[in-house]
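In what follows, every heavy atom counts, from backbone to side chain, and hydrogens, waters and symmetry copies are set aside. Chain naming here is simple, since letters A, B, ... match the order of the sequence lines and numbering starts at 1 in each.
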Protein chains: 2
Amino acid sequence: MYKSEQLAHNLRLLIDNGTWPAHSKLPSLRQQAQSSGYSLMTVMNAYQELEAQGLIYAKEKSGYFVAEHLSTQVPQTYSVVSLNPKIEINSQVFKYLKSTQHQQIVPLGSAFPDHQLLCPSKLIQIMGQLARNRKNYEQSSNLPPGNFALRQLIAQRYCMQGITTDADDIVITSGCLDALNLSLQAITQPGDYILLQQTIFYGAWQAAERLGLKVITIPEHPQHGFDLEAFEQVIQSYPIKVCWFMLNAHNPIGFTVSDEIKYKIAKLLHQHQIHLIEDDVYEELFYGSKKPLPMKYFDQQNLVLHCSSFSKTLGAGFRVGWVYAGKFSEHIQHLQLMSTISANSLIQNALVEFLSHHHYEKHLRGLRRSLEKHKKQFYLYLKQHLPVGCEIFNYASGYFLWIKLPDHVNSIEIYEDLLEQHIGVTPSPLFNILQSQQHFLRINCSFEWHSDIAHALDQLSQSIQNHLKLRQITHSA
Amino acid sequence: MYKSEQLAHNLRLLIDNGTWPAHSKLPSLRQQAQSSGYSLMTVMNAYQELEAQGLIYAKEKSGYFVAEHLSTQVPQTYSVVSLNPKIEINSQVFKYLKSTQHQQIVPLGSAFPDHQLLCPSKLIQIMGQLARNRKNYEQSSNLPPGNFALRQLIAQRYCMQGITTDADDIVITSGCLDALNLSLQAITQPGDYILLQQTIFYGAWQAAERLGLKVITIPEHPQHGFDLEAFEQVIQSYPIKVCWFMLNAHNPIGFTVSDEIKYKIAKLLHQHQIHLIEDDVYEELFYGSKKPLPMKYFDQQNLVLHCSSFSKTLGAGFRVGWVYAGKFSEHIQHLQLMSTISANSLIQNALVEFLSHHHYEKHLRGLRRSLEKHKKQFYLYLKQHLPVGCEIFNYASGYFLWIKLPDHVNSIEIYEDLLEQHIGVTPSPLFNILQSQQHFLRINCSFEWHSDIAHALDQLSQSIQNHLKLRQITHSA
């Protein structure tokens with residue numbers, strides 16, 4: 001290992017002093033081995049080391065190239081993350097998700113809105129009616145791309161936002177995660193570069209790991225949610241194949257990116273011909289008067305695959321989502337036939353009935369009002385009771401509050417503390433594998449105010465307080 | 001390319017003449033390059049060529065080894081198949097499946113039993129009742145591994161066959177294909193060897209391709225369905241990680257392998273510590289008095305992952321399957337949380353109600369009787385009307401007949417002929433990518449006898465007749 005480190009160091013000097021400028025090709029492994037006298041294996045290790053440091057990048061069948069070397073010019077705001085099985089994103093996530101399933105727990109760690117707010121009576125009534133008719137169970141009309149009438153109704157909702165869409169653009173999936181995974185699989189090959197937001201739904205990390213992608217992340221912008229400058233730096237330095245972003249009612253933080261920034265993102269995507277997988281599963285949960293535009297709105301070249309579902313508005317148990325697949329429709333259907341085949345036929349039929357009579361709009365209006373009201377109650381209580389040094393990120397959408405804990409209070413310790421008291425919360429490592437982001441918590445605020453909730457939030461404050469005290473004691477000791 | 005072929009030829013001589021005996025290690029790529037004077041790339045190509053020919057095999061991190069070289073001793077009855085995107089298994093399958101979806105088509109190419117026979121009234125009644133209650137839609141209790149009561153009921157069915165099982169062994173999935181895919185993903189790494197039956201459900205090929213596995217196939221035994229001798233040869237020659245077999249009411253051929261052979265397969269699996277993914281989705285569709293035993297019955301070491309579903313007995317639109325995962329349960333749940341998350345909650349609840357009151361057994365008895373009756377009618381008609389030179393494989397289970405066409409009559413041509421007349425059938429390349437297996441057809445015989453069916457079978461006979469005549473004319477010309 002020593003030899004390869006030495007070689008990597010020498011090569012780095014050549015990059016740093018400009019002998020090898022950005023985007024120039026490095027000598028091939030064999031050339032390098034011959035000229036340096038090192039073995040092929042040593043050269044390979046050195047190159048991989050430089051790649052992991054973000055100094056060079058690989059292009060399939062073309063060899064290695066020098067990356068834009070930003071660290072000497074401007075602070076490097078993005079991270080190159082090496083994924084490997086040791087990180088065990090999945091085991092960690094599994095543990096958290098399992099812990100939210102216990103019946104006795106106060107479910108502030110849940111990812112789903114309070115079930116009482118979902119599954120409207122009208123939909124239940126329709127389900128009850130349709131469930132009695134055998135023909136609604138037939139598979140035949142529900143193979144990929146899914147129920148035609150449902151796809152038409154979904155297409156109409158895009159049209160209402162000014163996005164030209166017809167039923168053939170839409171593919172019905174088994175929920176939004178299925179849509180996201182199928183989209184990523186359709187677009188990438190192992191070894192491709194993917195750009196993620198630094199804080200993001202864990203499913204994105206898992207998918208990237210599973211498909212053997214190289215991950216680069218950009219941090220969130222403290223004011224705008226999305227850091228355009230970092231984005232531009234990365235796509236100029238790396239051959240990014242695809243981005244996976246959430247820009248409306250971001251999970252877990254909550255921000256919604258402005259139309260102006262979205263327009264600029266779209267322009268850069270087009271310029272560099274980069275695909276975007278847009279996770280927009282909270283698109284309907286805005287509190288303002290106008291539904292935020294998806295990136296799909298700004299997409300003139302079919303680069304955006306927009307994914308969403310009914311899971312956060314009608315109930316996750318339905319397992320019906322979709323992707324605006326456009327020209328990727330057939331490819332995604334291929335992938336479906338090899339995996340989940342289709343969503344449930346009865347439920348697709350019931351959704352057709354429910355959506356076509358405007359019941360959905362009415363339900364959404366009530367749901368938004370309730371979520372806004374509940375979240376406000378949580379916010380006011382937390383603002384009053386959380387210890388000094390905590391910061392609450394509160395945005396006008398969704399049902400999550402994102403809480404920054406005082407420096408050095410570890411969110412996993414708080415999570416474990418509360419779990420013992422049968423209270424669930426979600427610690428930030430679920431959304432971020434960087435070590436620097438361990439002191440945030442996500443709180444599900446969709447529940448109607450109740451003394452149990454107040455008690456749980458009191459316990460949260462108390463736990464943070466205890467950890468602060470503990471820290472003071474250890475420091476003064 | 002010429003150089004690597006020459007090198008491969010030279011190396012082959014060393015293997016053939018016994019200089020390098022079976023299971024001996026080949027020189028490393030670098031050693032070989034140094035001693036032969038060829039470039040590393042040439043050596044690599046030559047080794048890959050030999051690997052594709054089945055003469056050597058790779059072990060992770062250990063290099064290449066000489067395979068059992070059987071071709072000079074006994075006829076080699078298995079095939080090493082190189083999968084690559086060029087084969088486009090998937091596009092072919094996609095085309096066939098799409099063609100069965102047209103509403104006007106006589107669906108003899110469908111993979112599903114006639115919907116009239118599925119979805120019993122009692123289940124529809126239960127669905128109608130449960131659908132009216134909001135609590136049956138709740139996701140919470142239906143995250144992996146799925147509804148507890150349903151898993152208990154499924155476990156009981158295993159116990160009835162003498163297989164010790166409890167609810168924790170079972171993971172509910174979105175249909176059987178989901179169960180099979182999750183199982184394969186849990187067990188394999190890219191580059192592992194998988195052993196498939198030569199004729200098998202296309203999903204197995206697709207899964208192997210997607211996961212980057214090396215595929216070896218053994219042909220079916222003409223009498224017993226399963227060729228034990230070929231099986232033993234392969235597992236002695238290759239480091240097989242996992243097998244994917246269907247041994248009960250095999251799709252598409254129809255045979256059920258005897259308990260004696262199953263016992264011997266299990267013994268060999270144990271001896272070599274090879275996992276088995278058992279596709280047993282037709283397990284309930286036997287005509288005899290006793291349900292055939294699954295391989296799981298003979299499995300003492302938790303090597304078998306048994307996969308099945310309700311799709312072929314209650315309806316594919318339900319999307320509820322399961323895997324007897326045993327010690328792999330947690331791993332499979334991890335993978336589910338990254339993909340399909342769960343099956344639909346309402347339907348799981350309805351299945352609990354349906355299964356726990358013995359409605360399922362009653363329904364199955366009727367279904368088996370109908371399938372047996374319908375298939376017999378198809379068989380008798382075809383036996384009488386098919387041209388000389390056709391052979392019908394008819395077994396006492398399931399709802400498929402497998403027809404061998406006269407030599408040199410291509411099943412794809414027949415399929416395309418009939419499609420123009422709005423009749424669906426399934427040609428053998430859907431189940432077998434070997435060029436030698438192009439003259440078989442699968443016919444779905446689950447439909448009640450009807451003049452349309454007779455007409456469709458007449459057209460089938462006529463089409464084969466026409467192709468035979470065409471052949472005679474071209475030959476005599």
Response to the item:
Scored by heavy-atom pairs under 4.5 Å with chain B, the best of A:Glu330, A:Arg30, A:Met41, A:Gln116 is A:Glu330
Worksheet item: Between CG of A:Leu314 and OH of B:Tyr137, what distance do you get to the nearest 0.5 Å?
Response: 11.0 Å
Fill in: Residues of residues 123-135 of chain A with any heavy atom under 4.5 Å of a heavy atom in chain B
A:Ile124, A:Met127, A:Gly128, A:Ala131, A:Arg132, A:Asn133, A:Arg134
Worksheet item: Where is the tightest heavy-atom contact between B:Ser345 and A:Gly317, given as atom of each residue plus distance?
Response: OG-CA, 3.2 Å
Worksheet item: Roughly how far, to the nearest 0.5 Å, is CG of B:Leu40 from CG of A:Leu29?
Response: 9.5 Å
May I have the list of side-chain donor-acceptor pairs in residues 181-189 of chain B shorter than 3.5 Å, sequence neighbours left out?
from	atom 1	to	atom 2	distance (Å)
B:Asn181	OD1	B:Arg210	NH2	3.1
B:Asn181	ND2	A:Met338	O	2.7
B:Asn181	ND2	B:Leu177	O	3.3
B:Ser183	OG	B:Ala179	O	2.7
B:Thr188	OG1	B:Leu184	O	2.8

Worksheet item: At a heavy-atom separation under 4.5 Å, does A:Ser121 approach chain B through its side chain, its backbone, both, or neither?
Response: both
Discussion item. Can you tell me which portion of A:Leu118 sits under 4.5 Å from chain B's heavy atoms? Options are side chain, backbone, both or neither.
Written reply: backbone
Item to complete: State the CG-CD1 distance between A:Asn344 and B:Ile347, to the nearest 0.5 angstrom.
Response: 3.5 Å
Item to complete: Counting only heavy atoms closer than 4.5 Å, note whether A:Pro120 contacts chain B via side chain, backbone, both or neither.
Response: backbone
Response to the item:
Between the OG atom in A:Ser174 and the CZ atom in B:Arg319, the distance rounded to the nearest 0.5 Å is 7.5 Å
